[in-house]
Amino acid sequence: MKTLMSLNQIKAPIAEELKTFEGVFEEELRSQVSLLDTIMRFVVKRKGKQVRPLFIFLSAKICGEIGEMSYHAASLIEMLHTASLIHDDVVDDSMQRRGFFSLNALWGNKVAVLIGDYMLAKGLLLSLKNEAYNLLQISSNAIKEMSEGELLQIEKARRLDIKEEVYYEIIRKKTASLIAAACALGAASVGASEEEIERMHLLGEKIGIAFQIRDDLFDFGDGDAGKPQGNDIQEKKMTLPLIHALNTTDKKTRNYMINIIKNENTNPKKIQEVTDFVLQSPGIAYTRQKMYDYQEEAIALIRAFPASEARDALEGLVRFVTERKK
């Protein structure tokens with residue numbers, strides 16, 4: 001297996017651009033409203049690995065010369081991503097985010113929802129201000145897809161009748177759409193052709209699906225995602241290892257496990273029973289293979305572009321997000 005590049009190695013071809021972006025992003029979030037400015041500083045300090053801006057700048061560099069529009073695109077995607085995380089924490093009643101108190105834990109749900117709305121509006125207005133209508137179209141479509149994915153997941157969680165193809169539709173919309181948008185925005189920001197933008201969008205979709213499948217494996221102890229094992233089961237989320245395990249067992253066991261997820265999902269011993277059932281099934285190996293299949297499809301799309309440091313780094317980033325341990 002190919003040696004994984006470190007995040008610093010991946011960032012190397014766009015290190016200067018990322019440094020510039022930090023200042024641009026902070027400036028975009030400044031506000032004359034005291035409470036808003038305080039919260040925006042909190043948001044900036046708690047930023048994660050900024051994987052989506054990485055996809056923006058690497059995609060842009062592969063397709064052309066990074067310019068002012070690429071920084072707008074990166075700010076836009078980071079605002080949309082942050083808004084979605086803030087809203088997720090409110091919906092899930094989550095008190096922590098990346099090891100820190102979540103925004104809703106500190107300021108309450110009302111303020112958190114308003115901040116999420118504010119960042120969403122700010123991101124879209126950024127596109128309008130710069131007359132970047134193609135960026136607005138790509139990002140607005142991603143927001144629509146994310147909302148549809150969340151609602152589809154809620155609908156299916158009530159019945160627990162998720163088939164594998166429905167699972168892929170949920171994660172394509174809910175998770176992959178924003179990474180797909182990031183890759184497409186990067187290409188669009190440097191004036192790439194429609195064909196290149198479409199290829200980058202498809203590439204991001206493949207990466208996003210592999211990324212979410214990796215997240216599914218974390219729930220069964222495969223790495224440290226910073227959340228308790230069995231958390232997805234407790235939240236009635238039908239992940240790929242669980243779906244495959246249920247589809248390859250006998251009817252009696254399947255009904256028994258579904259009953260636990262539906263009616264006893266707050267009982268730690270019962271949750272452990274479902275976790276053990278999945279771990280002893282072919283579900284984990286099957287899921288890992290699917291993750292690598294999507295990873296390889298993404299890498300094949302990357303290699304259709306001319307060789308460059310940025311292309312190598314993007315391939316490294318694909319491997320990094322799908323093979324990460326946390």
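Considering CD of E16 and CD1 of I66, their distance stands at 11.5 Å, rounded to 0.5 Å. The CG atom of L185 sits 4.5 Å away from atom CD1 of I56, with the distance rounded to the nearest 0.5 Å. Atom CG of L7 and atom CG of L317 lie 7.5 Å apart (nearest 0.5 Å). Here the CG atom belonging to N247 is positioned 5.5 Å from the CZ atom belonging to R254, to the nearest 0.5 angstrom. Within the model, atoms CG of L103 and CG of L85 stand 11.0 Å from one another, a figure rounded to the nearest 0.5 Å.
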For a side-chain contact (heavy atoms from CB on, under 4.5 Å) check, start with the C-alpha distance between T239 and D219, then their side-chain angles and the critical distance, and finish with the verdict. CA-CA 9 Å; T239 58; D219 202 52; 5.5 Å; no
Just do the side-chain contact (heavy atoms from CB on, under 4.5 Å) check on Y168 and I213 with the steps written out, would you? CA-CA 10 Å; Y168 283 118; I213 293 173; 4.1 Å; yes
Take K237 and E235, measure what salt bridge (Lys or Arg N to Asp or Glu O under 4.0 Å) needs, and give me the verdict at the end. CA-CA 5 Å; K237 287 179 183 172; E235 292 178 3; 3.0 Å; yes
CA sep, side-chain torsions, deciding dist, call: E296, R319, salt bridge (Lys or Arg N to Asp or Glu O under 4.0 Å): CA-CA 9 Å; E296 287 309 311; R319 295 187 190 280; 3.8 Å; yes
Go through the steps to decide whether L178 and M146 satisfy the test side-chain contact (heavy atoms from CB on, under 4.5 Å), and finish with yes or no. CA-CA 8 Å; L178 199 61; M146 287 163 69; 3.9 Å; yes
Passes salt bridge (Lys or Arg N to Asp or Glu O under 4.0 Å), R199 versus E196? Steps please. CA-CA 5 Å; R199 196 193 308 165; E196 286 176 319; 5.8 Å; no
N104 and S102: CA distance, side-chain angles, deciding distance, side chain to side chain donor-acceptor pair (under 3.5 Å) verdict: CA-CA 5 Å; N104 50 299; S102 61; 2.9 Å; yes
Just do the side-chain contact (heavy atoms from CB on, under 4.5 Å) check on E150 and D88 with the steps written out, would you? CA-CA 10 Å; E150 284 284 1; D88 280 352; 3.4 Å; yes
For a side chain to side chain donor-acceptor pair (under 3.5 Å) check, start with the C-alpha distance between E145 and S177, then their side-chain angles and the critical distance, and finish with the verdict. CA-CA 6 Å; E145 294 264 278; S177 59; 5.6 Å; no
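Using modelled atom types, one finds a donor on one side chain and an acceptor on the other under 3.5 Å when comparing Q295 with T322. The closest side-chain donor-acceptor pair between E273 and Y256 falls under 3.5 angstrom.
Counting heavy atoms from C-beta on, the side chains of K61 and S308 never come closer than 4.5 Å. No side-chain heavy atom of L151 sits less than 4.5 Å from a side-chain heavy atom of E155. Two residues are said to be in side-chain contact when any heavy atoms from C-beta on lie closer than 4.5 Å; K270 and N265 fail this criterion. Residues L202 and K206 meet the side-chain proximity criterion, which asks for heavy atoms closer than 4.5 Å. Side-chain contact between D117 and H87: present, with at least one pair of heavy atoms (C-beta onward) separated by less than 4.5 Å. Here the side chains of I179 and V321 are not in contact, with every heavy-atom distance at 4.5 Å or above. I143 places a side-chain heavy atom less than 4.5 Å from the side chain of L124. With a 4.5 Å cut-off on side-chain heavy atoms, K129 and H72 do not count as touching.
No continuous path of ILVMFWY side-chain contacts below 4.5 Å connects V91 to I115, so the two sit in separate hydrophobic clusters. No continuous path of ILVMFWY side-chain contacts below 4.5 Å connects M69 to V190, so the two sit in separate hydrophobic clusters. Tracing side-chain contacts under 4.5 Å through hydrophobic residues (I, L, V, M, F, W, Y), one reaches L106 starting from M119; they form part of the same cluster. Under the 4.5 Å side-chain heavy-atom criterion for grouping Ile, Leu, Val, Met, Phe, Trp and Tyr, L58 is connected to F21 within one hydrophobic cluster. Connection of L114 to L80 is not established within any shared hydrophobic cluster, with ILVMFWY side chains joined at heavy-atom distances below 4.5 Å, either directly or through further cluster members.
Residues A313 and P13 share a closest heavy-atom pair of CB-CG, 3.8 Å. Closest approach of A298 and L203 over heavy atoms only: O-CD1, 3.2 Å. Heavy-atom minimum distance, L54 versus I14: CD2-CD1, 3.6 Å. Taking each heavy atom of N130 and L126 in turn, the nearest pair found is ND2-O, 2.8 Å. The two atoms that bring K122 and R30 nearest to each other are NZ-O, 4.2 Å, heavy atoms only. Nearest heavy atoms, I243 versus E164: CG2-N, 4.2 Å.
Between the side chain of R311 and the backbone N or O of F305, at least one donor-acceptor pair lies under 3.5 Å. For H201 (side chain) and C183 (main-chain N/O), no donor-acceptor pair under 3.5 Å exists by modelled atom type. With hydrogens and angles ignored, the 3.5 Å screen pairs a side-chain donor or acceptor of S189 with a backbone N or O of G186. Of the possible polar contacts, none joining the D215 side chain to the F211 backbone as a donor-acceptor pair under 3.5 Å is found.
Atom CD of E165 has more than 12 neighbouring heavy atoms from other residues, nucleotides or ligands inside a 6.0 Å radius. For CD of Q272, the number of neighbouring non-hydrogen atoms (other residues, nucleotides, ligands) closer than 6.0 Å is greater than 12. Atom CD of E309 has 12 or fewer neighbouring heavy atoms from other residues, nucleotides or ligands inside a 6.0 Å radius.
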N/O donor to acceptor pairs below 3.5 angstrom from side-chain atoms of residues 131-141, sequence neighbours left out:
unit_1: S139; atom_1: OG; unit_2: L135; atom_2: O; d: 2.8
unit_1: S139; atom_1: OG; unit_2: L136; atom_2: O; d: 3.1
unit_1: S140; atom_1: OG; unit_2: L136; atom_2: O; d: 2.8

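With salt bridges taken as basic N to acidic carboxylate O contacts below 4.0 Å, one links E148 and K144. Under a 4.0 Å N-O distance rule, the pair R172/E205 qualifies as a salt bridge. Between E315 and R303 there is a salt bridge, since a side-chain N of the basic residue sits under 4.0 Å from a carboxylate O of the acidic one.
Ring-centre distance between Y71 and F25: not below the 6.0 Å cut-off.
The aromatic rings of Y286 and H244 sit parallel, their planes meeting at an angle under 30°, below the 60° perpendicular limit.
Annotation: cation-pi pair R288/Y292 absent, no NZ/CZ under 6.0 Å from the ring centroid and within 45° of its normal.
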